[in-house]
Protein chains: 2
Amino acid sequence: MSVPLRLSRGQAKARTRNRLLAAAAEVIAEQGFAGASVDEIASRAGHTVGALYSHFAGKDELFLTLFDEHAAHRLDSVEEIASQWEEDQTVFAALGEYLAEIADRHTVWSTLEMEFLRYALTRPELLDRLAAHWRAPRTAVARLVAPHCAAHDPVAVSTAIIGLLEGLVTQRRVDRAAVPSELFAEALRWLTAGLAHPPGPAAANPPQPPRPACREAGRKHAGRSS
Amino acid sequence: MSVPLRLSRGQAKARTRNRLLAAAAEVIAEQGFAGASVDEIASRAGHTVGALYSHFAGKDELFLTLFDEHAAHRLDSVEEIASQWEEDQTVFAALGEYLAEIADRHTVWSTLEMEFLRYALTRPELLDRLAAHWRAPRTAVARLVAPHCAAHDPVAVSTAIIGLLEGLVTQRRVDRAAVPSELFAEALRWLTAGLAHPPGPAAANPPQPPRPACREAGRKHAGRSS
DNA sequence: GTCTATACATTGATAGAC
DNA sequence: GTCTATCAATGTATAGAC
């Protein structure tokens, strides 16, 4: 096979494409979809609009491509974390650092995800795709935490964990001091520790007397009814 | 004093202003800041650009006004929940329903907040203002949960709680089935129950025995099903 | 205070040269 | 495959009528 010292034609093409996608991610994260001009995207990628339109049908298609490719990337990232997670509990600390890192450096990703969400919210068919994209990481984490879930639904636990972490990332981006990197691990421990608590006995809807005590008490069974 | 059957001049003016702000919230949530045209904002408010520019210096100022006024609204909302929270533990269920309601109906708010965040991320001075706006609800919740925090920092706990709830809201907006309204209360119970765990003795970084009791039994009378 | 009409800039997208 | 030149459409903001 050819050993390309220079890039082959196909490689060069792919390179351009990837640069355009990366630039689009940046600009759209910064300016929003509507605010991002194809011109700026192209020029930040080191090209011009012509190149952009030779790779994508238009701004929308570029955005949607980004949308799908990012989802795959995201899942890989989750599974990478997951693979460490199994090793031992100390991974909480590492996980915390990793997420703090995300909050601090990979800001483009999370901002882009926000924009995906906003964009999809008014487009039902896109919202479905987005939901599908989010399902994979959820089940990946669910599989992971299942052994620690006691009688709780692993998927529900997974959803809570992801929500917790994402919520912390968001807050950290606004106010780094308010969300020290250790808090990720700490909060995760709180949540998982709480799982060990009696899911049955510790009542789902404990109508206990108004008692703001230091210790969480209340062992009463109550049916779920809303 | 004049008893205005009709709106006084000042009232009419305020009414227009509020309508413009409400319309701006909608349109900006849907289209993003850059995508929202002043024309559509004005017309959705039942007015024209002229009215808009007589109330605001421009699109930016309109957005920033929205930004500040929404923060006040948000804080009120949190404190309203907080006031119930103290009453008793059953508020978890009510809180869960409330937040599910937010996720389902007040979508404009949360979308708008995402756009605020994205907009502020590249504007340091705005990011500071945003951080300040988020501080108030955080301390409000912190005061509330302080009695249940054992040795943990109430503000850290508050941050985790807010993150958890916000993360769940976000996921619910994408996939309602994945985040049933009961999960809000449930996750909150997990987290708060975990707080009771040995924060002092067993240190903050407990290398627990490789395997805590992980009963996968899942078979339980009142387990979560619905 | 609000509306109508308009000036001026910017955008997404296309066509043809290389 | 990529660039340059260009067009039609749209958007912000202003000026003057009422």
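Only heavy atoms go into these numbers, but all of them, side chains included; no hydrogens, no water, no symmetry mates. Every chain is numbered from 1 and lettered A, B, ... according to where its sequence line falls, protein lines coming before strand lines. Here the structure is a predicted model, which is why all the values come from computation and not from measurement.
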Could you state the atom-to-atom distance from [atom1] of [X] to [atom2] of [N] in whole Å?
X        : N       : atom1 : atom2 : answer
Phe56(A) : dG1(D)  : CZ    : C1'   : 14 Å
Tyr53(B) : dT4(C)  : OH    : P     : 16 Å
His55(A) : dC3(D)  : NE2   : P     : 9 Å
Gln11(B) : dG1(C)  : CD    : P     : 15 Å
Arg15(A) : dG1(D)  : CZ    : C1'   : 15 Å
Leu52(B) : dA13(D) : CG    : C1'   : 11 Å

Assign Ala36(B) to base, sugar-phosphate, or nothing according to its heavy-atom contacts below 4.0 angstrom with the strands shown.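 Sugar-phosphate, backbone atoms only, no base.
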
Base, sugar-phosphate or nothing for Gly58(A)? Non-hydrogen atoms, less than 4.0 Å.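 Sugar-phosphate only.
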
His47(A) side chain near dG1(D) phosphate (N/O to OP1/OP2, under 4.0 Å): no

Distance check: side-chain N/O of Thr16(B) vs OP1/OP2 of dT2(C), anything under 4.0 Å?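 True: Thr16(B) side-chain N/O within range (under 4.0 Å) of dT2(C) OP1/OP2.
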
Charged N to carboxylate O below 4.0 Å: is that the case for Glu115(B) and Arg118(B)? yes

Which nucleotide in the list [options] gets nearest to the side chain of [X]?
X        : options                 : answer
Ser37(B) : dT12(D), dA5(D), dG1(D) : dT12(D)
Lys13(B) : dT14(C), dG1(C), dC3(D) : dG1(C)
Thr48(B) : dA5(D), dC3(D), dT4(C)  : dT4(C)

To the nearest 0.5 Å, tell me how far Thr139(A) OG1 sits from Leu75(A) CG.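 So the gap between those two atoms works out to 8.0 Å.
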
Is the distance between the ring centroids of Phe116(B) and Phe33(B) less than 6.0 Å?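 No.
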
Short side-chain donor-acceptor distance under 3.5 Å, Arg173(A) and Thr111(A): yes

